[in-house]
Structures are given as C-alpha cells and as structure tokens.
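In what follows, every chain begins at residue 1, and chains take the letters A, B, ... in the order their sequences are listed.
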Protein chains: 2
Amino acid sequence: MRKMNNKNKTFIDKLRSSGLRPTNQRVEISKFLFNRKKTFHFTVEELKNSMNSKRSKKISTATFYNTVHALKSAGHLKEFSLENNTSCYDTNITSHHHFFDDGKVIDIKSDKITFQKLPEAPKGKKIKNVEVVIRLENNN
Amino acid sequence: MRKMNNKNKTFIDKLRSSGLRPTNQRVEISKFLFNRKKTFHFTVEELKNSMNSKRSKKISTATFYNTVHALKSAGHLKEFSLENNTSCYDTNITSHHHFFDDGKVIDIKSDKITFQKLPEAPKGKKIKNVEVVIRLENNN
DNA sequence: CACCTACTTTAGAATAATTATAAAGTAGTT
DNA sequence: AACTACTTTATAATTATTCTAAAGTAGGTG
C-alpha cells in the first residue's frame with residue numbers, strides 16, 4: 001500500500017506545477033527539503049546521507065543529483081559555491097545574503113544589507129543579481 | 001648555465017621573504033603571475049596549460065597546485081570559487097569585488113561599492129571580510 | 001482496465017579537479 | 001664535499017559530479 005497523506009498533496013502539486021512528474025522519490029525529497037520551518041542549507045551528499053540513513057529503500061545518488069537540479073531549475077532551490085568547491089543549495093529562494101563561518105552558512109535577510117553605491121554593469125550587460133558573503137572569524 | 005636576470009631577483013626576494021625556497025619552478029610561476037600590468041584571474045589548470053605550452057621542460061601538475069597554494073598562504077594570491085566548482089585565483093590581493101559574467105570574472109575596485117547598512121556579526125564572531133559578487137546577464 | 005510511451009530511476013562506469021604518496025632532486029648550511 | 005630538510009615529480013588515490021544504458025513507472029489512450 002502506497003503511503004499518502006495531505007502533506008504529500010502539497011508537494012505533488014508543487015512538482016506538477018513545475019512540470020515534474022511527482023515520483024515517489026521526488027515527493028519524498030521535496031517533503032524532506034520544504035516541509036520545515038527554517039530554511040535549509042545542504043550539499044547533495046549531506047541530503048543523501050540524512051535521507052538514506054533513515055530509509056530502508058535507499059534513493060540512488062544520481063536521483064538526488066537529478067532531483068536537486070530539477071528543483072533548482074524550477075526555481076525552488078538556490079545554488080551557491082562553498083570554499084571547498086562543492087555546491088551548496090538553499091531552500092530560501094528569496095533574494096538574500098550569507099555569513100560564511102568556517103563551513104557553516106547563515107542567511108542574512110536582504111534588508112539587512114543596503115548599498116550606498118554600486119557600479120554600473122559593463123556595456124551591453126545588466127545586473128542579474130548582487131550577492132554578498134560576509135566571512136566571519138572568532139572574536140579575539 | 002642558469003638563466004638569471006634582474007626580474008628574477010624581485011621574485012626570488014618575494015619568495016624568500018615568504019619563507020619559500022626560490023626554486024626554479026616557483027620563480028618561473030611567480031614571474032608568470034606577477035610580472036604583468038593587469039591583475040590576472042586563473043584556475044590552476046589554465047595556469048599549467050599557458051605555462052607548459054611554451055616550455056620544453058614541463059612543470060608538473062602537483063607543483064602548480066603546491067605553488068599556487070603556497071603563494072595563497074603567503075598572501076600573494078586570493079582564492080574564490082566559481083559556479084562550476086573550480087578554484088579561481090586572483091593576483092589582485094587588495095580588498096575588492098567581482099562581476100561574474102558567464103564564467104568570466106572582472107574586478108570591481110573596492111571603492112565602487114559602499115554600504116549603507118551591514119548586519120552585525122553573531123555573538124563571539126567578528127567580520128573578517130565582505131565580498132560582493134555581481135552577476136551579469138546580457139541586455140535585452 | 002490493459003497497454004503504450006516518454007520520462008525516471010538506478011547501479012555502475014566515466015570524468016574532472018584536486019590531493020596523497022613516496023622516490024629522486026635541489027637549496028642552503030656546515 | 002656532504003648533509004639535511006624542503007621540493008619536485010610521476011603516479012595513484014580521492015572526491016564530487018555526470019554519463020550510460022537498462023529496468024521501472026506515471027499518466028495518458030482506447
């Protein structure tokens with residue numbers, strides 16, 4: 001018997017409306033990612049480990065990559081690069097900035113940073129977005 | 001006979017004063033990186049290819065990685081991550097920002113961006129640096 | 001419902017960037 | 001000239017990610 005509850009409906013709709021078939025794996029991953037209060041930062045490897053450690057039937061690595069890319073393309077995830085050259089994803093897709101604190105990533109709400117001066121885009125180009133990273137270190 | 005000119009002296013001193021033995025490979029790489037007017041952005045792979053294509057005696061990949069890391073640790077290079085998860089290095093070590101334009105990186109002088117508002121660092125932490133990336137796209 | 005087809009998932013191989021290893025070479029000191 | 005610690009090198013190993021091609025499934029269609 002297939003599990004199904006009213007939570008799933010939300011994610012099935014979310015997937016469908018993005019042109020993605022709501023397969024079991026995609027629904028499970030969506031539920032894991034989006035069914036939470038706080039925004040969530042993760043690498044694909046971390047996502048895979050957290051989910052699969054709780055599951056008897058594992059989801060394959062390729063599916064995690066496929067699904068995360070699909071969700072990103074659909075605009076449900078934001079991607080950014082960490083120092084150590086791995087892709088990190090963020091369930092907070094609103095425009096915002098980040099603290100980087102030794103591998104840990106903390107969101108900064110967009111309105112916490114405002115600019116006095118910004119450069120013009122080179123000729124023929126325009127600004128797509130502005131992203132600020134504030135690197136932290138320990139006091140003293 | 002060992003090649004030696006007054007340019008080399010500069011880089012030998014630069015290496016020595018950073019606690020790095022001025023080996024031939026390191027001097028050559030330093031000369032290639034720092035003996036130019038404009039600042040230079042590169043990945044290790046690019047550096048290796050540009051230098052080795054002109055050389056009969058090739059420098060090994062590991063040495064390029066070792067030397068770039070050593071120069072970075074000594075504060076002569078800045079590192080940043082590209083979208084495609086490769087490390088990019090910058091010979092401009094002064095505080096500054098970047099335009100990212102489809103893989104191409106363009107420096108933005110520090111004084112071209114000023115802040116009206118910046119968030120406070122979390123308790124026990126302080127701000128190490130603030131880095132802005134302005135992503136560009138084509139007009140229209 | 002039975003079937004069809006395009007989209008998905010999967011295990012495993014392939015790739016790319018980087019790091020580790022350990023043997024041979026070299027700088028700088030004695 | 002000899003010594004020793006630091007470097008370089010080729011090669012293997014590792015890590016993150018993508019590719020491949022075969023097996024599975026969603027969502028029509030009749």
For DNA chain D, the residues among residues 39-57 of chain B that have a non-hydrogen atom under 4.0 Å from it: B:Lys57
ILVMFWY network linking B:Phe100 to B:Val130, side-chain heavy atoms under 4.5 angstrom: no
Atom-to-atom span, CG of A:Leu20 to P of D:dA26 - whole angstrom: 15 Å
Members of residues 60-74 of chain B that approach DNA chain D, where some heavy atom sits under 4.0 Å away: B:Ser60, B:Ala62, B:Thr63, B:Asn66
C:dT9 phosphate, OP1 or OP2, under 4.0 Å from A:Arg26 side-chain N/O: yes
In one Ile/Leu/Val/Met/Phe/Trp/Tyr side-chain cluster, 4.5 Å: A:Val68, A:Leu15: yes
Residues, nucleotides or ligands: over 12 heavy atoms within 6.0 Å of B:Gln116 CD: yes
Any B:Asn85 side-chain heavy atom under 4.5 Å of A:Thr86 side chain: no
Gap between atoms CG and C1', on A:Asn24 and D:dG24 respectively (whole Å): 12 Å
Presence of A:Arg16 side-chain N/O under 4.0 Å of D:dA26 phosphate oxygens OP1/OP2: no
Spacing between B:Ile59 atom CD1 and D:dT8 atom C1', to the nearest angstrom: 10 Å
Below 4.0 Å: OP1/OP2 of C:dC7 and any side-chain N or O of A:Thr23: no
Pairs where residues 101-112 of chain A contributes a residue and the test side chain to side chain donor-acceptor pair (under 3.5 Å) is met, not counting sequence neighbours: A:Thr39-A:Asp107, A:His41-A:Asp107, A:Asn92-A:Asp107, A:His96-A:Asp107, A:His98-A:Asp107, A:Asp101-B:Lys125
same_hphob_cluster(B:Phe115, B:Ile134) at 4.5 Å side-chain heavy-atom cutoff: yes
Gap between atoms CD and P, on B:Glu28 and D:dT7 respectively (whole Å): 17 Å
Side chain to side chain, A:Asn49 and A:Phe64, heavy atoms closer than 4.5 Å: no
OP1 or OP2 of D:dT25 under 4.0 Å from side-chain N/O of A:Gln25: no
Side-chain donor/acceptor of A:Arg55 to backbone N/O of A:Lys57, under 3.5 Å: yes
Polar side-chain atom of B:Arg26 near backbone of B:Arg21 as donor-acceptor pair, under 3.5 Å: yes
Nearest-neighbour nucleotide for the B:Arg21 side chain, C:dT8, D:dT8, C:dG28 considered: C:dG28
